[in-house]
**Student:** 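Here it is, the structure in full.
Whatever order the structure lists ligands and atoms in, that order sets their numbers, starting from 1. Because only heavy atoms are used, hydrogens play no part in the values below, and waters and symmetry mates are left out as well, while side chains stay in. Count residues from 1 along the sequence.
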Amino acid sequence: MSIPLSFKGRVAIVTGAGGGLGRGYALLFAQKGASVVVNDLGGDYTGGGKSRMADKVVDEIHTAGGIAVANYDSVEDGDKIVNTAVKNFGRVDIVVNNAGILRDKSFLKMTNDDWDMIQRVHLRGSFMVTRAAWSHMRKQQFGRIIMTSSASGIYGNFGQANYSAAKNGLVGLSHTLAKEGGKYNIHCNVVAPVAGSRMTATVMPEDVMKFLDPLLVAPLVVYLCHESCNETGGLFETAGGWSAQLRNQRTIGYAKRDLTVEDVANNWDKITDFSKNEIPSSGGGTTVAAMERVKASEVTMKHTPTSGGES
Ligand code: NAI
């Protein structure tokens, strides 16, 4: 039997926790002993309006004997949310960037406002909350951060140019924070969930909504934030009780020092052949791979007999 993972003494901020996935994270953190800031602006799913929907989740946590406070600021005011944690609980250990909205439109019809609003809430909002928490985490040499991406951000989706760009931006942000945070014991991971929530209610049949219970995403997110979890820089897909990790894969490719457009065209099958591949993890590896492969191609050229050469 495994020992239950405790979050006693830890302080967690969950943004957009007034409903859906965020509510599930907040309830589980509190159940595991964390003090939770339940942040939610309380607007509709397109970002309009304001309400105190966070109160309901705080009440649920209190009724179950847990510790929580509500915060109604937008994630764009990240410092106010972090101040709520510090003022009420004296510290901040965990940030789950979950708040989100949708402004779906075909690319042709997408307005500047549709684009900006999505970047502001998802990408800038995650940046603002995380940066406000970062100095606290560095000082205490502990931090656990989650960014929320989406299948749309990883694979693309019709009508979601704004959303997919922001959601993929969060993957890049997380990879960098994992690198910068490593020596301070600050870990950063990304989840791409699927869940039945008000955001998906209009596009999912009822039985699928039921299968994709948002509470079943919480265990992965909460585990990634535990002090015993060493994972950082990871990207995970999760839905309905299933969790899996994704990673980048690179073909061995084709290399030639005096590369021409025709070389690219004639060797397209080698450039795109995944039958032999490698798993890169840093940008520096790109230069090393290029140097090695170009050098190897020069050696091969030297030793490859040309037509009409030696028999
Ligand atoms: P939801 O609409 O139930 O929850 C999002 C919450 O964020 C809402 O309660 C909303 O009031 C809050 N919020 C919106 N703007 C805010 C702001 N500026 N400041 C603070 N709070 C704000 O939707 P759901 O499904 O729970 O989504 C949670 C996250 O998961 C979002 O980032 C979403 O993009 C992401 N996601 C959800 C998927 C799904 O299948 N439900 C799929 C992929 C990603």
**Student:** Can you see whether Tyr45 has Arg198 sitting over its ring - NZ or CZ less than 6.0 Å from the centre and within 45° of the normal?
**Tutor:**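 No, Arg198 does not lie over the aromatic ring of Tyr45.
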**Student:** Within 45 degrees of the ring normal and closer than 6.0 Å to the centroid, is that where the cationic atom of Arg91 sits relative to Phe142?
**Tutor:**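 Verdict for Phe142: no cation-pi partner in Arg91.
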**Student:** So which residues, sorted by chain and number, lie with a heavy atom under 4.0 Å of ligand 1?
**Tutor:**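 Correct list: Gly16, Gly20, Leu21, Asn39, Asp40, Leu41, Gly42, Gly43, Met53, Asp73, Ser74, Val75, Asn98, Ala99, Gly100, Ile101, Val121, His122, Thr148, Ser149, Ser150, Tyr163, Lys167, Pro193, Val194, Ala195, Ser197, Arg198, Met199, Thr200.
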**Student:** Listing request: all side chain to side chain donor-acceptor pair (under 3.5 Å) pairs with a residue in residues 11-30, at least two apart in sequence or in separate chains.
**Tutor:**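 Residue pairs passing side chain to side chain donor-acceptor pair (under 3.5 Å), neighbours aside: Arg23-Glu60.
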**Student:** If you measure from the Lys or Arg side-chain nitrogens to the Asp or Glu carboxylate oxygens, is any gap between Arg293 and Glu278 under 4.0 Å?
**Tutor:**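 Answer for the salt bridge query: yes.
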**Student:** Which ring-ring contact (aromatic ring centres under 6.0 Å, His included) pairs, counting each pair once, include a residue from residues 166-224, with sequence neighbours left out?
**Tutor:**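 Every candidate ring-ring contact (aromatic ring centres under 6.0 Å, His included) pair involving residues 166-224 fails, so no pair, neighbours aside, qualifies.
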**Student:** Sequence neighbours left out, what passes ring-ring contact (aromatic ring centres under 6.0 Å, His included) with Phe7? Give chain and number order.
**Tutor:**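 Testing Phe7 for ring-ring contact (aromatic ring centres under 6.0 Å, His included), a comparison that skips the adjacent residues, returns Phe29, His226.
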